[in-house]
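Shown next, in C-alpha coordinates, is the structure this report addresses.
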Amino acid sequence: MNIPFYKPDITEDDIQEVVNTLRSGWITTGGKTAQLERELARFCSTEKAVCLSSQTAAAELTLRLLGIGQGDEVIVPAYTYTATCSVVCHVGATPVLVDCADDSPEMDLDKLEKAITHRTKCIIPVDIAGKMCDYKSILEAVKAKSAWFLPKNELQKAFGRIIIMADAAHSLGAFRSGEKSGQAADFTTFSFHAVKNLTTAEGGAVTWRKNPALDSEKIYRQYKLFSLHGQDKDALEKSRSNCWEYDVTAPYYKCNMTDMQAALGVSQLRRYEATLEKRRSMIENFNKAFKSLPVQLIKHKGRGQMSSGHLYMTKLSNGSRDKVIAALAEDGIRCNVHYKPLPLLTAYKKMGFAAEDYPIAVQHYNSELTLPLYSTMTLEEQEYLVEKFKKCF
Ligand SMILES: Cc1ncc(COP(=O)(O)O)c(C=O)c1O
(Lines give C-alpha, C1' and ligand atoms only; values in the text may rest on other atoms or scores of the structure.)
Protein backbone atom coordinates (compact mmCIF):
# COMPACT_ATOMS: atom_id res chain seq x y z
CA MET A 1 0.00 0.00 0.00
CA ASN A 2 1.20 3.55 -0.70
CA ILE A 3 0.39 6.33 1.71
CA PRO A 4 1.52 9.76 0.53
CA PHE A 5 2.32 12.44 3.08
CA TYR A 6 -0.73 14.39 1.99
CA LYS A 7 -3.72 14.18 -0.33
CA PRO A 8 -5.98 17.17 -0.95
CA ASP A 9 -9.61 16.67 0.05
CA ILE A 10 -11.56 17.72 -3.07
CA THR A 11 -15.24 16.77 -3.36
CA GLU A 12 -17.62 16.88 -6.33
CA ASP A 13 -19.21 19.99 -4.73
CA ASP A 14 -15.79 21.70 -4.69
CA ILE A 15 -15.33 20.87 -8.37
CA GLN A 16 -18.83 22.11 -9.21
CA GLU A 17 -18.27 25.41 -7.38
CA VAL A 18 -15.05 26.02 -9.36
CA VAL A 19 -16.71 24.98 -12.62
CA ASN A 20 -19.60 27.39 -11.93
CA THR A 21 -17.08 30.20 -11.48
CA LEU A 22 -15.23 29.20 -14.66
CA ARG A 23 -18.54 29.37 -16.52
CA SER A 24 -19.66 32.60 -14.88
CA GLY A 25 -17.61 34.87 -17.11
CA TRP A 26 -15.63 36.23 -14.13
CA ILE A 27 -12.55 34.33 -12.91
CA THR A 28 -10.21 36.89 -11.31
CA THR A 29 -10.84 38.84 -8.05
CA GLY A 30 -14.55 39.62 -7.76
CA GLY A 31 -17.73 38.40 -6.09
CA LYS A 32 -16.44 34.96 -5.00
CA THR A 33 -13.36 36.46 -3.35
CA ALA A 34 -15.61 38.96 -1.53
CA GLN A 35 -17.88 36.06 -0.46
CA LEU A 36 -14.93 34.03 0.88
CA GLU A 37 -13.71 37.10 2.78
CA ARG A 38 -17.13 37.59 4.42
CA GLU A 39 -17.44 33.90 5.29
CA LEU A 40 -13.92 33.65 6.66
CA ALA A 41 -14.48 36.72 8.84
CA ARG A 42 -17.67 35.09 10.14
CA PHE A 43 -15.84 31.80 10.76
CA CYS A 44 -13.04 33.57 12.68
CA SER A 45 -15.45 36.01 14.43
CA THR A 46 -13.53 39.01 13.11
CA GLU A 47 -14.82 42.19 11.49
CA LYS A 48 -13.07 41.55 8.21
CA ALA A 49 -10.76 39.23 6.29
CA VAL A 50 -8.71 39.88 3.17
CA CYS A 51 -7.95 37.02 0.79
CA LEU A 52 -4.58 37.07 -0.97
CA SER A 53 -2.33 34.81 -3.03
CA SER A 54 -0.55 33.19 -0.04
CA GLN A 55 0.19 33.43 3.68
CA THR A 56 3.57 34.84 2.69
CA ALA A 57 1.87 37.71 0.84
CA ALA A 58 -0.49 38.30 3.78
CA ALA A 59 2.42 38.51 6.23
CA GLU A 60 4.56 40.72 4.00
CA LEU A 61 1.70 43.13 3.33
CA THR A 62 0.95 43.31 7.06
CA LEU A 63 4.55 44.34 7.79
CA ARG A 64 4.25 46.94 5.01
CA LEU A 65 0.89 48.15 6.36
CA LEU A 66 2.56 48.65 9.74
CA GLY A 67 5.40 50.58 8.10
CA ILE A 68 8.02 48.12 9.34
CA GLY A 69 11.31 48.23 7.45
CA GLN A 70 14.95 49.18 7.69
CA GLY A 71 16.21 49.79 11.21
CA ASP A 72 13.38 47.76 12.77
CA GLU A 73 13.67 44.33 14.40
CA VAL A 74 11.07 41.56 14.08
CA ILE A 75 11.18 38.52 16.37
CA VAL A 76 10.47 35.11 14.83
CA PRO A 77 11.01 31.56 16.08
CA ALA A 78 14.16 29.72 14.99
CA TYR A 79 11.93 26.65 14.62
CA THR A 80 9.63 27.42 11.70
CA TYR A 81 9.31 27.40 7.93
CA THR A 82 11.36 30.03 6.09
CA ALA A 83 8.25 32.01 5.01
CA THR A 84 7.79 33.28 8.59
CA CYS A 85 11.18 34.96 8.43
CA SER A 86 11.73 35.68 4.74
CA VAL A 87 9.01 38.37 4.77
CA VAL A 88 10.98 40.24 7.45
CA CYS A 89 13.93 40.28 5.04
CA HIS A 90 11.68 41.30 2.11
CA VAL A 91 10.70 44.55 3.87
CA GLY A 92 14.31 45.29 4.88
CA ALA A 93 13.84 44.75 8.62
CA THR A 94 16.20 42.67 10.78
CA PRO A 95 15.02 39.22 11.88
CA VAL A 96 15.77 38.24 15.48
CA LEU A 97 15.48 34.49 16.07
CA VAL A 98 14.30 33.00 19.36
CA ASP A 99 14.77 29.39 20.52
CA CYS A 100 11.94 27.02 21.53
CA ALA A 101 10.65 26.20 24.96
CA ASP A 102 11.96 22.86 26.32
CA ASP A 103 8.67 21.04 26.03
CA SER A 104 7.02 22.67 23.02
CA PRO A 105 7.81 23.94 19.54
CA GLU A 106 6.64 27.45 20.61
CA MET A 107 9.13 30.21 21.36
CA ASP A 108 10.37 30.25 24.95
CA LEU A 109 8.63 33.21 26.64
CA ASP A 110 11.65 34.22 28.79
CA LYS A 111 13.97 34.16 25.78
CA LEU A 112 11.37 36.09 23.80
CA GLU A 113 11.19 38.82 26.45
CA LYS A 114 15.00 39.03 26.54
CA ALA A 115 15.12 39.46 22.74
CA ILE A 116 12.96 42.62 22.86
CA THR A 117 14.84 45.88 22.25
CA HIS A 118 13.89 49.52 21.51
CA ARG A 119 13.95 48.55 17.84
CA THR A 120 11.48 45.63 18.10
CA LYS A 121 8.32 46.42 16.15
CA CYS A 122 6.68 43.05 15.68
CA ILE A 123 6.68 39.45 16.95
CA ILE A 124 5.57 36.59 14.67
CA PRO A 125 4.60 33.52 16.75
CA VAL A 126 3.88 30.38 14.71
CA ASP A 127 0.94 28.05 15.42
CA ILE A 128 2.91 24.91 14.56
CA ALA A 129 0.81 21.85 13.64
CA GLY A 130 -2.33 23.97 14.14
CA LYS A 131 -1.90 24.51 17.88
CA MET A 132 -2.34 28.18 18.80
CA CYS A 133 0.48 29.90 20.69
CA ASP A 134 -0.13 31.47 24.07
CA TYR A 135 -1.10 34.89 22.65
CA LYS A 136 -2.45 36.14 26.00
CA SER A 137 0.99 35.72 27.65
CA ILE A 138 2.80 37.20 24.64
CA LEU A 139 0.47 40.23 24.69
CA GLU A 140 1.06 40.66 28.44
CA ALA A 141 4.82 40.53 27.85
CA VAL A 142 4.75 43.24 25.18
CA LYS A 143 2.36 45.40 27.19
CA ALA A 144 4.82 45.23 30.10
CA LYS A 145 7.51 46.56 27.75
CA SER A 146 5.37 49.23 26.04
CA ALA A 147 7.62 52.00 27.44
CA TRP A 148 10.38 50.58 25.22
CA PHE A 149 8.29 50.89 22.06
CA LEU A 150 9.24 53.77 19.78
CA PRO A 151 6.44 54.19 17.19
CA LYS A 152 7.44 55.41 13.74
CA ASN A 153 3.98 56.20 12.33
CA GLU A 154 0.34 56.78 13.28
CA LEU A 155 -0.63 53.09 13.08
CA GLN A 156 2.24 52.04 15.35
CA LYS A 157 1.27 54.89 17.69
CA ALA A 158 -2.31 53.55 17.80
CA PHE A 159 -0.94 50.22 19.09
CA GLY A 160 1.53 51.86 21.48
CA ARG A 161 3.38 48.54 21.85
CA ILE A 162 5.02 45.79 19.82
CA ILE A 163 2.52 44.31 17.37
CA ILE A 164 1.78 40.57 17.36
CA MET A 165 1.24 38.98 13.95
CA ALA A 166 0.36 35.28 14.08
CA ASP A 167 1.72 32.92 11.45
CA ALA A 168 -1.45 30.81 11.47
CA ALA A 169 -0.59 28.99 8.24
CA HIS A 170 -1.62 25.76 10.06
CA SER A 171 -4.27 26.84 12.54
CA LEU A 172 -7.54 27.83 10.84
CA GLY A 173 -10.28 26.44 13.09
CA ALA A 174 -8.16 26.18 16.25
CA PHE A 175 -9.12 27.88 19.50
CA ARG A 176 -7.44 28.66 22.80
CA SER A 177 -8.65 30.42 25.98
CA GLY A 178 -11.96 31.48 24.44
CA GLU A 179 -10.42 32.92 21.28
CA LYS A 180 -10.35 31.49 17.78
CA SER A 181 -7.35 31.53 15.49
CA GLY A 182 -7.83 34.83 13.69
CA GLN A 183 -9.01 36.74 16.77
CA ALA A 184 -6.20 36.31 19.25
CA ALA A 185 -3.23 38.14 17.74
CA ASP A 186 -3.30 41.73 16.43
CA PHE A 187 -3.06 40.31 12.90
CA THR A 188 -3.40 36.67 11.83
CA THR A 189 -2.20 35.26 8.53
CA PHE A 190 -3.54 31.98 7.11
CA SER A 191 -2.32 29.71 4.32
CA PHE A 192 -4.58 27.85 1.90
CA HIS A 193 -1.68 26.13 0.13
CA ALA A 194 -2.40 22.70 -1.41
CA VAL A 195 -1.35 20.74 1.71
CA LYS A 196 -3.26 22.83 4.23
CA ASN A 197 -6.49 21.73 5.98
CA LEU A 198 -8.48 24.13 3.80
CA THR A 199 -7.08 24.78 0.37
CA THR A 200 -7.51 27.09 -2.58
CA ALA A 201 -4.51 25.36 -4.28
CA GLU A 202 -2.42 28.43 -3.44
CA GLY A 203 -3.81 31.22 -1.34
CA GLY A 204 -3.92 32.94 2.00
CA ALA A 205 -5.79 35.46 4.10
CA VAL A 206 -5.33 37.97 6.88
CA THR A 207 -7.66 38.93 9.72
CA TRP A 208 -7.14 41.37 12.57
CA ARG A 209 -8.25 41.69 16.14
CA LYS A 210 -10.90 44.25 17.02
CA ASN A 211 -9.18 47.40 18.25
CA PRO A 212 -11.01 50.71 18.84
CA ALA A 213 -7.89 52.57 17.66
CA LEU A 214 -8.07 50.93 14.22
CA ASP A 215 -10.31 51.77 11.28
CA SER A 216 -11.09 48.34 9.82
CA GLU A 217 -12.47 49.75 6.55
CA LYS A 218 -9.27 51.74 6.01
CA ILE A 219 -7.09 48.71 6.75
CA TYR A 220 -9.15 46.56 4.38
CA ARG A 221 -8.80 49.14 1.58
CA GLN A 222 -5.05 49.42 2.17
CA TYR A 223 -4.57 45.63 1.78
CA LYS A 224 -6.59 45.81 -1.44
CA LEU A 225 -4.40 48.64 -2.78
CA PHE A 226 -1.21 46.81 -1.78
CA SER A 227 -2.31 43.59 -3.46
CA LEU A 228 -3.38 45.13 -6.78
CA HIS A 229 -0.69 47.55 -7.97
CA GLY A 230 -2.04 50.42 -5.86
CA GLN A 231 -4.95 50.68 -8.30
CA ASP A 232 -7.92 52.48 -6.72
CA LYS A 233 -10.42 50.24 -8.60
CA ASP A 234 -10.17 46.49 -9.06
CA ALA A 235 -10.87 44.75 -12.39
CA LEU A 236 -14.53 44.08 -11.49
CA GLU A 237 -15.23 47.72 -10.63
CA LYS A 238 -13.48 48.86 -13.80
CA SER A 239 -15.56 46.46 -15.88
CA ARG A 240 -18.81 48.17 -14.87
CA SER A 241 -20.47 50.45 -17.34
CA ASN A 242 -18.52 53.65 -17.94
CA CYS A 243 -16.14 52.99 -15.02
CA TRP A 244 -12.90 52.40 -16.93
CA GLU A 245 -10.96 55.28 -15.41
CA TYR A 246 -8.69 54.59 -12.45
CA ASP A 247 -5.74 56.01 -10.57
CA VAL A 248 -2.64 54.36 -9.14
CA THR A 249 -1.93 55.63 -5.64
CA ALA A 250 1.57 54.08 -5.37
CA PRO A 251 3.59 51.45 -7.31
CA TYR A 252 2.54 48.56 -5.07
CA TYR A 253 2.44 44.75 -5.42
CA LYS A 254 0.40 42.03 -7.15
CA CYS A 255 -0.81 39.23 -4.89
CA ASN A 256 -4.61 39.16 -5.12
CA MET A 257 -6.69 35.98 -4.90
CA THR A 258 -8.67 34.95 -7.97
CA ASP A 259 -12.38 34.05 -7.93
CA MET A 260 -11.44 30.62 -9.25
CA GLN A 261 -9.40 29.98 -6.11
CA ALA A 262 -12.00 31.62 -3.87
CA ALA A 263 -14.71 29.32 -5.29
CA LEU A 264 -12.74 26.33 -4.03
CA GLY A 265 -12.28 28.08 -0.66
CA VAL A 266 -16.01 28.86 -0.32
CA SER A 267 -16.89 25.23 -0.95
CA GLN A 268 -14.17 23.93 1.41
CA LEU A 269 -15.20 26.34 4.17
CA ARG A 270 -18.83 25.19 3.92
CA ARG A 271 -17.80 21.75 5.20
CA TYR A 272 -14.72 22.77 7.16
CA GLU A 273 -16.16 21.87 10.58
CA ALA A 274 -16.65 18.30 9.33
CA THR A 275 -13.08 18.28 7.94
CA LEU A 276 -11.74 19.39 11.33
CA GLU A 277 -13.79 16.72 13.07
CA LYS A 278 -12.35 13.99 10.81
CA ARG A 279 -8.77 15.14 11.45
CA ARG A 280 -9.32 15.38 15.20
CA SER A 281 -10.85 11.92 15.48
CA MET A 282 -8.01 10.43 13.41
CA ILE A 283 -5.52 12.06 15.80
CA GLU A 284 -7.40 10.57 18.78
CA ASN A 285 -7.22 7.11 17.18
CA PHE A 286 -3.49 7.43 16.45
CA ASN A 287 -2.84 8.69 19.98
CA LYS A 288 -4.60 5.65 21.45
CA ALA A 289 -2.79 3.25 19.13
CA PHE A 290 0.65 4.73 19.90
CA LYS A 291 0.13 5.18 23.65
CA SER A 292 2.55 2.45 24.68
CA LEU A 293 5.30 3.31 22.17
CA PRO A 294 8.49 5.14 23.26
CA VAL A 295 7.28 8.18 21.29
CA GLN A 296 6.30 11.65 22.44
CA LEU A 297 3.14 12.90 20.75
CA ILE A 298 2.38 16.59 20.30
CA LYS A 299 -0.73 17.52 22.29
CA HIS A 300 -3.60 18.71 20.12
CA LYS A 301 -6.01 19.49 22.92
CA GLY A 302 -5.77 20.75 26.43
CA ARG A 303 -7.65 22.88 28.92
CA GLY A 304 -9.70 25.38 26.86
CA GLN A 305 -7.82 24.69 23.69
CA MET A 306 -8.09 22.61 20.56
CA SER A 307 -5.78 22.64 17.58
CA SER A 308 -6.84 22.45 13.95
CA GLY A 309 -5.11 19.04 13.76
CA HIS A 310 -2.94 20.08 10.86
CA LEU A 311 0.12 17.89 11.47
CA TYR A 312 0.68 14.65 13.37
CA MET A 313 4.09 15.49 14.84
CA THR A 314 5.95 12.95 16.96
CA LYS A 315 9.29 12.98 18.80
CA LEU A 316 11.43 9.85 18.77
CA SER A 317 14.32 9.02 21.05
CA ASN A 318 17.98 8.12 20.58
CA GLY A 319 18.65 9.14 17.03
CA SER A 320 16.11 6.66 15.66
CA ARG A 321 14.19 9.22 13.55
CA ASP A 322 15.96 8.68 10.21
CA LYS A 323 15.82 4.88 10.57
CA VAL A 324 12.07 5.03 11.17
CA ILE A 325 11.58 7.31 8.14
CA ALA A 326 13.55 4.84 5.98
CA ALA A 327 11.64 1.81 7.33
CA LEU A 328 8.26 3.47 6.67
CA ALA A 329 9.41 4.47 3.18
CA GLU A 330 10.12 0.77 2.51
CA ASP A 331 6.48 0.12 3.42
CA GLY A 332 5.28 2.84 1.04
CA ILE A 333 4.59 5.45 3.74
CA ARG A 334 5.90 8.98 3.15
CA CYS A 335 6.81 11.01 6.23
CA ASN A 336 8.11 14.53 6.72
CA VAL A 337 10.16 16.50 9.24
CA HIS A 338 8.95 19.79 10.75
CA TYR A 339 11.11 21.85 10.80
CA LYS A 340 14.76 22.14 9.94
CA PRO A 341 15.48 25.19 12.13
CA LEU A 342 16.31 28.37 10.21
CA PRO A 343 19.95 28.55 11.49
CA LEU A 344 20.63 25.21 9.76
CA LEU A 345 19.63 26.64 6.36
CA THR A 346 22.17 28.29 4.06
CA ALA A 347 20.24 31.56 3.73
CA TYR A 348 20.22 32.13 7.48
CA LYS A 349 23.77 30.86 8.06
CA LYS A 350 24.87 33.54 5.58
CA MET A 351 23.11 36.13 7.77
CA GLY A 352 25.25 35.00 10.70
CA PHE A 353 22.80 32.75 12.57
CA ALA A 354 24.43 29.65 14.11
CA ALA A 355 22.79 26.39 15.17
CA GLU A 356 24.60 26.33 18.54
CA ASP A 357 22.66 29.43 19.64
CA TYR A 358 19.35 27.54 19.23
CA PRO A 359 20.01 24.19 20.95
CA ILE A 360 16.38 23.38 21.79
CA ALA A 361 15.18 23.98 18.23
CA VAL A 362 17.97 21.70 16.98
CA GLN A 363 17.04 19.07 19.59
CA HIS A 364 13.36 19.19 18.52
CA TYR A 365 14.39 18.90 14.88
CA ASN A 366 16.72 15.95 15.46
CA SER A 367 13.98 13.83 16.99
CA GLU A 368 10.91 15.05 15.05
CA LEU A 369 8.96 12.91 12.61
CA THR A 370 5.61 13.88 11.09
CA LEU A 371 3.32 11.07 10.00
CA PRO A 372 0.86 11.41 7.10
CA LEU A 373 -2.51 12.91 8.08
CA TYR A 374 -5.22 13.88 5.62
CA SER A 375 -8.98 13.99 5.94
CA THR A 376 -9.59 11.49 3.11
CA MET A 377 -7.37 8.80 4.71
CA THR A 378 -9.39 5.58 4.66
CA LEU A 379 -9.78 3.30 7.68
CA GLU A 380 -7.68 0.70 5.87
CA GLU A 381 -4.89 3.25 5.30
CA GLN A 382 -5.04 4.33 8.95
CA GLU A 383 -4.78 0.71 10.14
CA TYR A 384 -1.86 0.07 7.79
CA LEU A 385 -0.06 3.20 9.03
CA VAL A 386 -0.60 2.21 12.68
CA GLU A 387 0.63 -1.33 12.06
CA LYS A 388 3.76 -0.24 10.19
CA PHE A 389 4.64 2.56 12.61
CA LYS A 390 4.29 0.20 15.61
CA LYS A 391 6.46 -2.37 13.82
CA CYS A 392 9.36 0.16 13.83
CA PHE A 393 9.58 -0.19 17.63
C1 LIG B 1 4.54 27.69 9.24
C2 LIG B 1 4.33 28.19 7.84
N3 LIG B 1 4.32 29.51 7.62
C4 LIG B 1 4.12 30.01 6.39
C5 LIG B 1 3.92 29.20 5.29
C6 LIG B 1 3.75 29.81 3.93
O7 LIG B 1 2.46 29.66 3.43
P8 LIG B 1 2.15 30.04 1.90
O9 LIG B 1 2.70 28.96 1.07
O10 LIG B 1 0.66 30.15 1.83
O11 LIG B 1 2.81 31.35 1.65
C12 LIG B 1 3.92 27.82 5.47
C13 LIG B 1 3.73 26.94 4.30
O14 LIG B 1 3.89 25.76 4.31
C15 LIG B 1 4.13 27.29 6.77
O16 LIG B 1 4.15 25.97 6.99
Side-chain angles (χ1 to χ4, degrees), residues 46 55-56 58-80 83-101 104-128 132-169 171 176-177 179 181-189 206-216 218-219 222-223 342 351 353 358:
T46 57
Q55 181 276 344
T56 308
E60 179 173 330
L61 293 194
T62 303
L63 294 176
R64 294 195 186 280
L65 178 96
L66 293 167
I68 293 172
Q70 236 174 23
D72 297 325
E73 290 175 359
V74 177
I75 297 178
V76 302
Y79 191 66
T80 184
T84 318
C85 191
S86 59
V87 293
V88 178
C89 306
H90 296 176
V91 302
T94 304
V96 174
L97 304 188
V98 167
D99 203 1
C100 303
S104 114
E106 274 184 58
M107 280 185 285
D108 180 273
L109 198 58
D110 284 341
K111 289 180 188 156
L112 173 62
E113 284 178 30
K114 286 190 187 116
I116 292 173
T117 73
H118 288 292
R119 300 193 327 158
T120 312
K121 290 289 183 295
C122 182
I123 298 173
I124 314 182
V126 182
D127 296 342
I128 290 187
M132 282 172 72
C133 295
D134 183 0
Y135 291 102
K136 288 206 159 108
S137 298
I138 299 171
L139 270 167
E140 285 314 308
V142 298
K143 278 182 190 159
K145 288 218 170 171
S146 55
W148 288 43
F149 186 68
L150 304 174
K152 286 209 307 200
N153 56 40
E154 287 308 309
L155 194 49
Q156 292 183 11
K157 219 180 274 173
F159 277 98
R161 56 162 171 79
I162 294 164
I163 297 140
I164 315 297
M165 172 171 70
D167 177 339
S171 68
R176 180 167 183 164
S177 310
E179 288 176 314
S181 178
Q183 286 186 296
D186 296 312
F187 292 85
T188 299
T189 54
V206 55
T207 59
W208 49 96
R209 186 185 162 93
K210 220 175 175 159
N211 180 337
L214 302 183
D215 179 342
S216 263
K218 207 167 144 190
I219 290 178
Q222 189 59 39
Y223 275 113
L342 302 183
M351 287 181 210
F353 294 108
Y358 306 92

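As the structure is a computational prediction, the values presented were derived from the model and not from experiment.
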What are the two closest heavy atoms between [X] and [Y], and how far apart are they?
X: Asn153; Y: Gly67; result: ND2-CA, 3.6 Å
X: Pro77; Y: Leu342; result: O-CD1, 3.8 Å
X: Ile116; Y: Val142; result: CD1-CG1, 4.4 Å
X: Gly160; Y: Ser146; result: O-CB, 3.4 Å
X: Ala184; Y: Met132; result: CB-CE, 3.6 Å
X: Pro151; Y: Lys157; result: CB-N, 3.6 Å

Review point. Do the side chains of Leu109 and Asp134 get nearer than 4.5 Å, heavy atoms only?
Key: no
Practice item. Evaluate the side-chain proximity of Val74 to Ile68: yes if any heavy-atom separation is below 4.5 Å, no if none is. Key: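 The answer is yes; the side chains approach within 4.5 Å.
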Please round to the nearest 0.5 Å and tell me the distance separating atom [atom1] of [X] and atom [atom2] of [Y].
X: Thr80; Y: Met107; atom1: OG1; atom2: CE; answer: 9.0 Å
X: Met351; Y: Thr94; atom1: CE; atom2: OG1; answer: 10.0 Å
X: Ile162; Y: Ile138; atom1: CD1; atom2: CD1; answer: 11.5 Å
X: His90; Y: Thr56; atom1: NE2; atom2: OG1; answer: 7.5 Å
X: Leu214; Y: Phe187; atom1: CG; atom2: CZ; answer: 6.0 Å

Practice item. Test side chain to side chain contact (heavy atoms under 4.5 Å, CB included) on Tyr79 and Tyr358 and set out the steps. Key: CA-CA 9 Å; Tyr79 191 66; Tyr358 306 92; over 6 Å; no
Check your understanding: Checking side chain to side chain contact (heavy atoms under 4.5 Å, CB included) for the pair Ile75/Cys122: CA distance, chi angles, key distance, verdict?
Key -> CA-CA 6 Å; Ile75 297 178; Cys122 182; over 6 Å; no
Review point. Does Glu106 come within less than 4.0 Å of Arg176, counting only side-chain N to carboxylate O?
Key: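 Salt bridge: yes.
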Review point. So does Arg161 pair up with Asp186, basic N to acidic O under 4.0 Å?
Key: yes
Review point. So, Trp208 versus Ser216: side-chain donor-acceptor pair below 3.5 Å or not?
Key: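 There is such a pair between these side chains.
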Point to revise | Donor on one side chain, acceptor on other, Tyr223 and Thr62, under 3.5 Å | key: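 The answer is yes; a qualifying pair exists.
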Review point. For residues 62-73, which residue pairs qualify under salt bridge (charged side-chain N to carboxylate O under 4.0 Å, His left out), counting only residues two or more places apart or in two chains?
Key: Glu60-Arg64, Asp72-Lys121, Asp72-Lys152, Glu73-Arg119
**Study point:** Non-neighbouring partners of Asp99 that pass salt bridge (Lys or Arg N to Asp or Glu O under 4.0 Å), sequence neighbours left out
**Key:** Lys111
Does [X] use its side chain to pair, donor to acceptor, with the backbone of [Y] at less than 3.5 Å?
X: Thr120; Y: Thr117; result: yes
X: Asp127; Y: Cys133; result: yes
X: Thr188; Y: Thr207; result: no

Point to revise | Candidate list Ile124, Leu97, Asp167, test side-chain contact (heavy atoms from CB on, under 4.5 Å), partner Cys85, passing option | key: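 Single pass found, and it is Leu97.
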Practice item. Start with the C-alpha distance between Phe159 and Leu66, add both sets of side-chain angles, then the distance that settles side chain to side chain contact (heavy atoms under 4.5 Å, CB included), and finish with yes or no. Key: CA-CA 10 Å; Phe159 277 98; Leu66 293 167; 4.1 Å; yes
Check your understanding: Using 30° and 60° as the class limits, which term best fits the ring planes of His118 and Trp148: parallel, tilted or perpendicular?
Key -> parallel
